[in-house]
Amino acid sequence: MHAFDVLGDPVRRRILDLLADGEQTAGSIVETVREEFGISQPAVSQHLRVLRENGFATVRAEGTRRLYSVDATPLQEVDAWLDRYRGFWSQRLDALGTELRRGARTRTGQTGRTSGKAQRG
């Protein structure tokens with residue numbers, strides 16, 4: 001399965017979001033995802049299996065608990081693909097940053113503070 005096929009599902013993206021915050025038990029993942037998406041425990045387990053089998057997540061046993069964590073290796077494939085397109089938005093973001101700095105200098109250069117309208121409230 002291609003990385004974008006794995007990431008195309010909102011449940012799997014949410015699970016990865018949870019795992020990005022640190023290792024999680026299968027039970028806590030199931031609880032959160034069931035609450036947010038209204039799907040069954042077996043359905044959540046299926047999504048965990050897809051993530052695990054495609055290298056996005058790892059699992060380790062600790063007694064009877066299963067602890068999941070994110071594996072960023074497949075995300076490098078996504079990052080490499082996105083790299084080709086970063087120029088489309090990075091130039092615009094750089095230009096926006098320049099305009100914001102220019103506007104801030106203009107506002108503080110006029111009176112040393114923001115406009116009087118904002119101060120009167």
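Computation of the quantities below employed the complete heavy-atom set of this structure, encompassing side-chain atoms and omitting hydrogens, waters and symmetry-equivalent molecules.
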>> Nearest 0.5 Å, please: how far is CG in Leu51 from CD1 in Ile15?
In response: 5.5 Å
>> Within this structure, what is the CG-CZ distance for the pair Asp9 and Phe4, rounded to the nearest 0.5 Å?
In response: 15.0 Å
> What pairs meet the salt bridge (Lys or Arg N to Asp or Glu O under 4.0 Å) rule with one or both residues in residues 58-78, with sequence neighbours excluded?
Replying inline: Glu23-Arg60, Arg60-Glu62, Glu62-Arg65
>> Test side chain to side chain contact (heavy atoms under 4.5 Å, CB included) on Arg49 and Ser45; report intermediate values, then the result.
In response: CA-CA 6 Å; Arg49 185 174 69 78; Ser45 294; over 6 Å; no
> Once you round to the nearest 0.5 Å, how far does CG of Asn54 lie from CG of Asp5?
Replying inline: 9.0 Å
> Which of these, Val50, Val33, Asp17, sits in a side-chain contact (heavy atoms from CB on, under 4.5 Å) with Arg12?
Replying inline: Val50
> Asp79: what forms a salt bridge (Lys or Arg N to Asp or Glu O under 4.0 Å) with it, not counting sequence neighbours?
Replying inline: Arg86
> Looking only at heavy atoms, which two atoms of Pro74 and Ala3 are closest? And how far apart?
Replying inline: O-CB, 4.3 Å
> Roughly how far apart are His47 NE2 and Ile39 CD1, rounded to 0.5 Å?
Replying inline: 4.5 Å
>> Distance check, rounded to the nearest 0.5 Å: Phe56 atom CZ versus Thr73 atom OG1?
In response: 10.0 Å
>> Which heavy atom of Phe37 sits nearest to which heavy atom of Pro10, and what is that distance?
In response: CZ-O, 3.8 Å
>> Count I, L, V, M, F, W, Y as connected when their side-chain heavy atoms are under 4.5 Å apart, and connections chain through other members. Are Leu67 and Val70 then in the same cluster?
In response: no
> Which pairs count as salt bridge (Lys or Arg N to Asp or Glu O under 4.0 Å) when at least one residue sits in residues 28-37, sequence neighbours excluded?
Replying inline: Arg14-Glu36
> What closest approach, in Å, do Gln24 and Leu18 show between heavy atoms, and which atom pair accounts for it?
Replying inline: NE2-O, 3.6 Å
>> Could you check whether any side-chain N or O of Thr32 sits under 3.5 Å from a backbone N or O of Ile29, counting only pairs where one atom can act as donor and the other as acceptor?
In response: no
>> Students often mix this up, so state it plainly: with edges at 30° and 60°, are the rings of Tyr85 and Trp81 parallel, tilted or perpendicular?
In response: tilted
> Which heavy-atom pair separates Arg13 from Leu7 by the least distance, and what is that distance?
Replying inline: NH1-O, 2.8 Å
> Of all heavy-atom pairs between Leu19 and Tyr68, which one has the smallest distance, and what is that distance?
Replying inline: CD2-O, 3.4 Å
